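Everything on this sheet refers to the single structure shown next.
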Amino acid sequence: MELINYILKILTFPGAFLKAFLEQLACRMYEVPIEFGRYFQKNELCGHVEHLLAPKKGSFGICFLPHIIMLFCGLVFTIPAALNLVYLGKINYFGIIFLYVGISCLLNLFPLIEDSLNMWEHLYGKESKATAISKICLFIPTVIMRAGSYLEHYFVTVLTTAAFVWSVPYLFTLFIK
């Protein structure tokens, strides 16, 4: 399974590199020590940075900040390219490159399982000191990131990204007409 993960990360190297870079920036923002800063390893940490588990607020920030930036980059590149290639049927180099970069960002969207479990424990665990308002407001993003980390671990994000790329032009044109 690690070999398939490594091959997938190498094939989508722009997204994997950007995700690891954003994780490293988030770790520095929240002052979480980085144990090993190599971005491409032949294990489950490929496309991630090996760091200590983040304390309290840092646990959500290390998961959420790279996630939202990767989501934004993936949508910015994927939507116009998918509209051009899938819906209009126009094939050009920029469309293919944009689609590749967008798909690579969307495939490397979620945090590691350990990071998402750490985030969940700091927000909803027995010793959590999070306020009720923050628990309510952060519930949906936390569930999405926790479920997404499992989906990415078992390569289901490949299918969801393909379905998204294929269906977004048709959904987008429903709102434009």
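Quick note: residue numbers are just sequence positions, from 1. The model shown is predicted, which means the values in this text are computed figures rather than measured ones.
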Could you tell me which residues satisfy side chain to side chain contact (heavy atoms under 4.5 Å, CB included) with [X], sequence neighbours excluded, listed by chain and number?
X	answer
F72	V76
Y100	F13, P14
L75	L71, I79, F164
A130	L123, S128, S134, K135

Q | Contact list for residues 63-81, test salt bridge (charged side-chain N to carboxylate O under 4.0 Å, His left out), sequence neighbours left out | A |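 Listed by first then second residue: nothing to list.
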**Q.** Residue pairs, two or more places apart or on separate chains, that pass salt bridge (charged side-chain N to carboxylate O under 4.0 Å, His left out) and touch residues 147-161
**A.** K9-E152
Q: With sequence neighbours left out, write down each residue that passes ring pair (Phe, Tyr, Trp, His ring centres under 6.0 Å) with F64, or none if nothing qualifies.
A: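 Partners of F64 by the ring pair (Phe, Tyr, Trp, His ring centres under 6.0 Å) criterion, ordered by chain and then number, come out as F60.
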Q. Does H67 have any ring pair (Phe, Tyr, Trp, His ring centres under 6.0 Å) partners at least two apart in sequence or in another chain, and if so, which?
A. F110
Note, [X] side chain near [Y] side chain (heavy atom, < 4.5 Å):
X	Y	answer
L112	D115	yes
I113	Y150	yes
V32	I62	yes

Q: Measure the CD1-CG distance between I91 and N84 for me, rounded to the nearest 0.5 Å.
A: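 Going from the CD1 atom of I91 to the CG atom of N84 covers 9.5 Å.
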Q) F139 vs W120 aromatic rings, parallel, tilted or perpendicular, using cut-offs 30° and 60°? A) tilted
Going by the rule side-chain hydrogen bond (donor to acceptor under 3.5 Å, both in side chains), which residues pair with [X] if we only count those two or more places apart in sequence or in a different chain?
X	result
K19	none
S59	none
N118	H122
T12	N108

Atom [atom1] of [X]: over 12 foreign heavy atoms under 6.0 Å:
X	atom1	answer
E35	CD	yes
I140	CD1	no
L159	CG	yes
F21	CZ	no

Q. Hey, does the side chain of E23 reach the backbone of V49 with a donor-acceptor pair shorter than 3.5 angstrom?
A.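 Yes.
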Q | Exercise: identify the closest heavy-atom pair between N92 and L85 | A |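 Closest heavy-atom pair between N92 and L85: N-CD2, 4.3 Å.
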